[in-house]
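We name chains A, B, ... by the order of the sequence lines, and we start the count at 1 in each one.
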Protein chains: 2
Amino acid sequence: MATPQLTKNQTLVMDALSHSEGPMSAYTILDKLRDHGFRAPLQVYRALDKLQEYGMVHRLESLNAFVACTCPHDHEHDHGVTAFTICEGCGQVTEFHDEAIEQRLSTLTRAQNFKTEKTTIEIRGHCQSCA
Amino acid sequence: MATPQLTKNQTLVMDALSHSEGPMSAYTILDKLRDHGFRAPLQVYRALDKLQEYGMVHRLESLNAFVACTCPHDHEHDHGVTAFTICEGCGQVTEFHDEAIEQRLSTLTRAQNFKTEKTTIEIRGHCQSCA
DNA sequence: GCAATTGATGTAATAACATTACATGACGAC
DNA sequence: GTCGTCATGTAATGTTATTACATCAATTGC
Ligand SMILES: [Zn+2]
Ligand SMILES: [Zn+2]
Ligand SMILES: [Zn+2]
Ligand SMILES: [Zn+2]
């Protein structure tokens, strides 16, 4: 997915997420952007949908929240299976990718003739500092 | 986690999930159990919390829904990392466990000194029939 | 130029999911 | 019988997400 020119709303949401320490809920983003003219949840959700499509934002299913992608590479190609550790103590989220996991999941789904569209891997626990 | 004697409400919720074709939301369960005296969401959520604690029910984070555990073994021990394929077409959910994945995730989290408490793996896509 | 199309936006209302707070009831330990 | 604990009942509220409909801007085809 080549990264297209972002629209005004998409840029605002992306900036909010990029400058945030941790994940943010859609409604938290909305509140941050009221000064910039945001009035309704849909403005946030629409921007988030696009940003996820472009691979610039990830949704954390177990938190109902969103984070900016921290992959080193740009987003000109699909970056495969994304996994996260999420600290219950400090809220820190770490994104990582692992070829071995991806291969193994591929083998397993293939065995049941399942066609994967999106894989969610989220590990809740405590980081080194909060252990 | 040894499976204790279930309470009345826990039994009702467990039965509803066991007899369901696929995952159910808490509110769907509530509706199914109105005839049995259920009146409020909390009755469902409280039962679900316990059933999850006992390992008899799993929450699907990406669906905000719940399924009965389909593990062949009983629930007298923790059954480690649980993963699911979820068909977008027919709603079919398949639970599986894989030692290799578990090992690999353990290695990766250990590398960042992360203490895992709960791991979520959910694969959305299409099953053989719905491909 | 000017319809027609497409994609983005604005706004309101509503739906769907989950929790807090507080009161009551059942039951065994002592 | 009093206490502590756990399950339950009920209402209210909080949080997350979508539907529906109107408007606006840029592009395309004529
Ligand atoms: Zn990423
Ligand atoms: Zn931490
Ligand atoms: Zn299970
Ligand atoms: Zn299917």
Relative orientation of the end axes in the helix from C:dG1-D:dC30 to C:dC30-D:dG1, expressed as an angle to the nearest 10° (five pairs per end): 20°

Exceeds 12 heavy-atom contacts within 6.0 angstrom, atom NZ of A:Lys118: yes

Polar side-chain atom of A:Thr28 near backbone of A:Met24 as donor-acceptor pair, under 3.5 Å: no

Boundaries of the DNA chain D segment in contact with chain B, non-hydrogen, under 4.0 Å: D:dA7 to D:dT10

Salt bridge flag under 4.0 Å for residues A:Arg34 and A:Asp31: yes

Euclidean distance, atom CG of residue B:Leu30 to atom P of C:dT19 [Å, nearest integer]: 15 Å

N/O (side chain, B:Ser25) to phosphate O (OP1/OP2, C:dA16) under 4.0 Å: no

B:Phe38 CZ to C:dA18 C1', straight-line distance once rounded to whole Å: 16 Å

C:dG10 phosphate, OP1 or OP2, under 4.0 Å from A:Asn9 side-chain N/O: yes

Between B:Glu117 and A:His126: side-chain donor-acceptor atoms closer than 3.5 Å: yes

Nucleotide C:dC17, atom C1' - distance to CG of B:Asp31 in whole Å: 13 Å

A:His36 NE2 - C:dG10 P separation (whole Å): 14 Å

Of B:Leu42 and B:Asn64, the one whose closest DNA chain D nucleotide lies more 5': B:Leu42

Under-4.0 Å side-chain N/O to phosphate OP1/OP2 contact, B:Tyr45 with C:dA18: yes

Between C:dA12 (P) and A:Gln43 (CD): distance, integer Å: 11 Å

Separation of C:dG10 C1' from A:Arg34 CZ (nearest whole Å): 14 Å

Quiz item: B:Tyr27 side-chain donor-acceptor pair to C:dA15 base, under 3.5 Å: no

Side-chain H-bond candidate by donor/acceptor type, B:Glu95 with B:His97, under 3.5 Å: yes

Donor + acceptor pair across side chains of B:Glu61, A:Ser62 (<3.5 Å): no

Nearest-nucleotide comparison on DNA chain D, the residue closer to the 5′ end among A:Leu63 and B:Arg46: B:Arg46

A:Gln5 CD to C:dG7 C1', straight-line distance once rounded to whole Å: 15 Å

B:Gln43 side chain vs B:Ala40 backbone, donor-acceptor pair below 3.5 Å: yes

Between B:His58 and B:Gln52: side-chain donor-acceptor atoms closer than 3.5 Å: no

Test item: B:Thr109 side-chain N/O and B:Leu105 main-chain N/O as donor-acceptor pair under 3.5 Å: yes

